[in-house]
Amino acid sequence: MIGDNAVDVPWYFRGPDGGPRPAAAISASPYMQPVTAPMLLDFAHRQRGRFANIYLILRRGCTGGGRWPYGPFVNGLLRGQDIPGLRSVAMLDDALVFRLEPERGGSP
């Protein structure tokens, strides 16, 4: 799972061995360089052998009051832009969920 400010998530979801599930967090600027589709898809491609599915979860409130601190890629996803390699799987009241499909997004 990848998500905005997802650093606490592993403690709530346990793997088959009872240990915390891995998660990657993205943060708003200036704490992190804005994430791009190629960055996420390359990451997903490298993890493909470890996990059956990799999800990106974005809180609807992560827009930072309209300033888009996560950059144009996240802004586009929140506005409904179709991004090759990411498939929308859920639109929740408070979050959007995408499955990363690197083989369909042109990543190596």
Side-chain angles (χ1 to χ4, degrees):
M1 189 210 102
I2 303 166
D4 63 287
N5 292 324
V7 295
D8 295 328
V9 170
W11 305 111
Y12 293 100
F13 298 98
R14 299 293 176 174
D17 64 354
R21 291 233 182 222
I26 60 173
S27 295
S29 176
Y31 305 106
M32 180 179 164
Q33 172 185 344
V35 69
T36 66
M39 288 167 74
L40 277 182
L41 293 171
D42 287 345
F43 174 79
H45 180 78
R46 289 191 309 273
Q47 304 302 318
R48 201 167 45 181
R50 294 181 63 201
F51 306 105
N53 294 297
I54 298 177
Y55 295 96
L56 171 64
I57 302 172
L58 299 172
R59 293 174 298 134
R60 288 188 186 266
C62 76
T63 61
R67 293 175 292 135
W68 309 115
Y70 288 87
F73 164 67
V74 170
N75 177 20
L77 286 174
L78 292 171
R79 290 183 304 138
Q81 182 179 354
D82 186 30
I83 307 284
L86 280 92
R87 183 172 154 237
S88 176
V89 294
M91 291 187 178
L92 308 173
D93 289 341
D94 60 348
L96 302 174
V97 182
F98 302 88
R99 183 171 51 225
L100 280 72
E101 300 176 339
E103 62 280 356
R104 293 184 180 94
S107 196

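Just so we're clear, the structure is a prediction, and the values are computed from it rather than from any experiment. Starting from 1, each residue takes its place in the sequence as its number.
Taking Gln33 as the reference, Met39 meet the side-chain contact (heavy atoms from CB on, under 4.5 Å) condition, with sequence neighbours excluded. Considering only residues two or more places apart in sequence or on other chains, Asn53 meets the side-chain contact (heavy atoms from CB on, under 4.5 Å) condition with Tyr55, Arg99.
If you take CG on Asp82 and CG on Leu77, they are separated by 9.5 Å, rounding to the nearest 0.5 Å. Rounding to the nearest 0.5 Å gives a distance of 12.0 Å between CZ of Arg87 and CG of Leu100. With values rounded to the nearest 0.5 angstrom, Leu41 atom CG is found 11.0 Å from Arg46 atom CZ. In this structure, NE2 on His45 lies 10.5 Å from CD1 on Ile54, to the nearest 0.5 angstrom. Distance check, rounded to the nearest 0.5 Å: CZ of Phe98 to CD1 of Ile83 gives 8.5 Å.
The two residues Arg59 and Leu78 have their closest heavy-atom pair at O-CD2, 4.1 Å. Pro34 and Gly71 get closest at one heavy-atom pair: CB-CA, 3.9 Å.
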So Leu58 and Ile26, side-chain contact (heavy atoms from CB on, under 4.5 Å) or not? Walk me through it. CA-CA 10 Å; Leu58 299 172; Ile26 60 173; 4.0 Å; yes
For Val35 and Phe43: C-alpha separation, side-chain torsions, deciding distance, then whether side-chain contact (heavy atoms from CB on, under 4.5 Å) applies. CA-CA 11 Å; Val35 69; Phe43 174 79; over 6 Å; no
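Remark: Asp93 CG is loosely packed, at most 12 non-hydrogen atoms of other residues, nucleotides or ligands lying under 6.0 Å away.
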